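Inspection log for the structure reproduced underneath, given as structure tokens.
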Protein chains: 2
Amino acid sequence: MEVHQLRYFCAVSETGSFTRAAEREQVAQPSLSQQIMKLEEELGVRLFDRLGRTVRLTGFGQVFLPRARAILGELKAAKDEVAERQSAVAGPVSIGVIPTIAPYFLPLPLALFSRKYPQASINVAEDVTARLMDRLRAGQIDLAILAMPLRGHDLETFNLRTERLFAIMPRAHRLAKKRKIMLKELRDQPFLLLREDHCFRDTAIEVCKRARVVPKVVFESGQFSSILAMVGAGLGISIVPEMAVEQRPDCSYVAVADDRASRTIGVVTLKGRYLSRVQQAFLAHLHTFSQKDN
Amino acid sequence: MEVHQLRYFCAVSETGSFTRAAEREQVAQPSLSQQIMKLEEELGVRLFDRLGRTVRLTGFGQVFLPRARAILGELKAAKDEVAERQSAVAGPVSIGVIPTIAPYFLPLPLALFSRKYPQASINVAEDVTARLMDRLRAGQIDLAILAMPLRGHDLETFNLRTERLFAIMPRAHRLAKKRKIMLKELRDQPFLLLREDHCFRDTAIEVCKRARVVPKVVFESGQFSSILAMVGAGLGISIVPEMAVEQRPDCSYVAVADDRASRTIGVVTLKGRYLSRVQQAFLAHLHTFSQKDN
DNA sequence: GTACTTCCATAGTCAGTGCCTATTGAACTT
DNA sequence: AAGTTCAATAGGCACTGACTATGGAAGTAC
């Protein structure tokens with residue numbers, strides 16, 4: 001049973017003539033006759049009575065007609081729905097962001113995108129890198145914003161920006177007045193760091209390692225704001241990316257001057273993953289926020 | 001958009017693999033891939049993400065899947081319904097019968113058929129020949145039982161039986177004791193006949209005409225039982241077919257011996273009209289009631 | 001690391017079939 | 001009786017869906 005056979009059948013039913021049906025369906029009359037016969041053969045019943053000049057539905061034809069119409073209607077509806085979803089920059093976009101980026105970077109792009117495409121609904125999942133990658137591969141999120149670089153042959157990435165790192169210390173600290181600092185100067189300082197599954201912890205430890213510094217960790221947290229408060233209270237010092245720098249009366253920030261003491265954030269998508277128009281639009285939107293050489 | 005494309009699409013969705021889907025659909029894997037691609041092209045969206053080893057529905061695919069399933073289901077349902085109606089000797093049979101046959105001939109065949117096929121539902125329309133023919137040609141009834149012969153190239157007929165005619169007269173009538181009678185003996189008798197649109201009236205007048213008798217009509221009715229009652233009351237005489245003969249204390253019946261003084265009843269269907277299995281069965285059933293040379 | 005396996009996509013060929021034109025045959029009209 | 005107007009039939013052509021063979025990529029086994 002083929003779609004065009006149903007179309008032809010409905011056309012004959014509605015025009016009451018093979019000839020007129022053929023005209024309507026833009027096909028030669030014998031071709032249409034042939035397809036109707038084939039349909040009748042498959043069903044095992046006659047659908048039309050050919051009574052000389054007139055063609056009329058048989059009882060079976062009358063039973064079959066509404067069903068054929070329904071099927072053609074649903075075929076069209078299915079196609080239309082897909083087209084509808086395709087044409088509109090609307091629908092869901094699920095993104096993932098790590099906690100050390102989310103509150104600093106995301107608000108502005110999100111707000112602007114929502115204003116530009118009110119039909120779009122963006123869903124943000126805040127989680128650590130490892131779990132975000134799982135979700136990305138599982139298709140639960142469409143893209144993720146996290147720290148670069150990332151290993152993985154099944155991924156596609158682009159960088160958003162590279163930020164310098166800052167040492168944060170109590171205002172009264174002896175190094176607090178400097179404009180720049182080398183990490184080796186921080187040797188033996190008590191360190192406050194993020195918890196283990198946060199990638200910026202690794203970043204911080206990595207840059208320290210390059211400066212031959214092994215940080216002595218005295219406090220761990222899941223968010224910078226806790227660390228900032230603790231540093232302000234004089235518990236020790238820490239390292240944060242530029243975007244986490246927030247003026248506080250009890251803290252001072254000093255730029256870290258070491259080579260490669262930076263964090264790069266970027267966007268990652270799954271290679272081969274098909275993105276709808278909204279999803280593509282959001283990706284493009286993020287591109288406009290990338291700042292090369294920064 | 002073709003039916004097999006929907007089938008393939010569902011197969012891939014359900015097996016999660018082009019290869020397994022191809023096996024299930026008994027088709028080579030490249031053919032299936034090709035059709036899926038074609039479907040995606042027509043819809044203008046990707047339905048699957050091909051992620052290395054795994055294949056997963058895109059958002060569009062998820063939207064399209066239930067619709068595709070529904071369509072395939074309805075396609076099957078449509079076919080099944082027709083098959084169901086075809087296989088079972090069940091459903092409606094609409095027949096027409098003229099009033100001068102209905103009460104005498106029909107009860108037995110109807111009862112036997114209903115007992116044999118309890119699923120069948122027979123609808124009887126009792127009307128005069130002209131209107132029955134209209135209904136037959138309009139497809140409102142499937143066959144008609146009426147007096148033969150019938151002119152019409154678009155008809156198919158077969159005879160059920162030929163009956164002799166009987167003169168009916170009051171028991172006290174001077175001719176009532178005869179075993180046979182010639183119509184010419186009835187000249188000048190007052191006649192009771194059916195109304196004009198009843199074909200047996202024409203039959204009666206026709207046989208009289210052949211005997212050079214012009215009946216003097218004193219009463220007209222739409223049914224034999226009225227005529228019988230009136231004859232019994234002494235109003236006049238009449239002519240009835242054999243099946244209308246019914247023993248009454250006040251009437252006598254005398255066989256009409258004229259050549260060709262008979263009525264033939266038969267069944268008529270529309271040429272080229274498709275009959276369902278019940279309808280065909282009823283027609284065949286009527287055949288078993290035909291009595292040749294009677 | 002290398003070979004093997006398992007995917008899906010690509011390339012090229014072939015056969016089935018849906019469509020075409022031309023024609024027939026039947027029924028209706030003039 | 002000739003002319004129309006139907007649907008069906010006949011025969012030819014081209015599209016396309018299916019096939020086999022192969023390639024490339026990714027995962028698995030040794």
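Given the structure is predicted, the values throughout are model-derived calculations rather than measurements. Side chains are part of it too, since the values below use all heavy atoms of this structure and drop only hydrogens, waters and symmetry mates. Naming convention: chains lettered A, B, ... in sequence-line order (proteins, then strands); numbering from 1 in each chain.
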Listed partners of B:Arg67 passing side chain to side chain donor-acceptor pair (under 3.5 Å), at least two apart:
A:Glu81

Return the value, rounded to whole Å, for the distance between atom CG of B:Leu155 and atom C1' of C:dA26.
16 Å

Using atom CZ of B:Phe18 as one end and atom C1' of D:dA25 as the other, report the distance to the nearest whole Å.
15 Å

Using a cut-off of strictly less than 4.0 Å, decide whether B:Ser31 has a side-chain nitrogen or oxygen near OP1 or OP2 of D:dC19.
yes

Ring-plane angle category for B:His285 and B:Phe113, please: parallel below 30°, perpendicular beyond 60°, tilted otherwise.
tilted

Measure CD/B:Glu25 against C1'/D:dG17 and give the value in whole Å, please.
14 Å

Length of the CD-P vector between A:Glu23 and D:dT5, whole Å:
12 Å

The answer to which of B:Asp154 and B:Gly16 contacts DNA chain C further toward the 5' end, by nearest nucleotide, is B:Gly16

Test side-chain hydrogen bond (donor to acceptor under 3.5 Å, both in side chains) applied to B:Thr100 and B:Arg263, B:His198, B:Glu126, the passing residue:
B:Arg263

Could you check how far CE of B:Met37 sits from P of D:dT16, rounded to whole Å?
15 Å

Closest listed nucleotide, where the reference is the side chain of B:Ala28 and the choices are C:dT21, D:dT20, D:dT16:
D:dT20

For B:Gln29, which contact category applies under a 4.0 Å heavy-atom criterion: base, sugar-phosphate, or nothing?
base

Over 60° means perpendicular and under 30° means parallel, so tell me whether B:Phe9 and B:Phe48 are parallel, tilted or perpendicular.
tilted

Does a nitrogen or oxygen in the side chain of B:Ser17 sit under 4.0 Å from OP1 or OP2 of C:dC7?
no

In terms of side-chain heavy atoms of B:Arg50, which of D:dA8, C:dC8, C:dT21 is nearest?
C:dC8

Roughly, in whole Å, what's the span from CD in A:Gln35 to P in C:dC20?
11 Å

Under 4.0 Å, heavy atoms only, any strand: does A:Thr54 hit a base, just the sugar-phosphate, or nothing?
nothing

Between C:dC8, C:dT10, D:dC6, which one does the side chain of A:Arg20 approach most closely?
D:dC6

Tell me: CG of A:Leu32 to C1' of C:dT17, nearest whole Å?
16 Å

Between D:dA26 (P) and A:Lys271 (NZ): distance, integer Å:
7 Å

So does A:Arg85 have more than 12 non-hydrogen atoms from other groups sitting under 6.0 Å from CZ?
no

When you check the phosphate oxygens OP1 and OP2 of C:dA9, does a side-chain N or O of B:Ser33 lie under 4.0 Å from one of them?
yes

From the list D:dT20, C:dC20, D:dT9, which nucleotide is the closest neighbour of the side chain of B:Pro30?
D:dT20

Mind checking B:Tyr8 for me? I need base, sugar-phosphate or nothing, with any heavy atom below 4.0 Å counting as a touch.
sugar-phosphate

Please tell me which of A:Glu2 and B:Gln34 maps to the more 5' nucleotide of DNA chain C, matching each residue to the nucleotide holding its nearest heavy atom.
B:Gln34

Picking from D:dC6, C:dC19, D:dA21, the nucleotide nearest the side-chain atoms of A:His4 would be C:dC19

Got a second to check how far B:Arg46's CZ is from A:Leu275's CG, nearest 0.5 Å?
9.5 Å

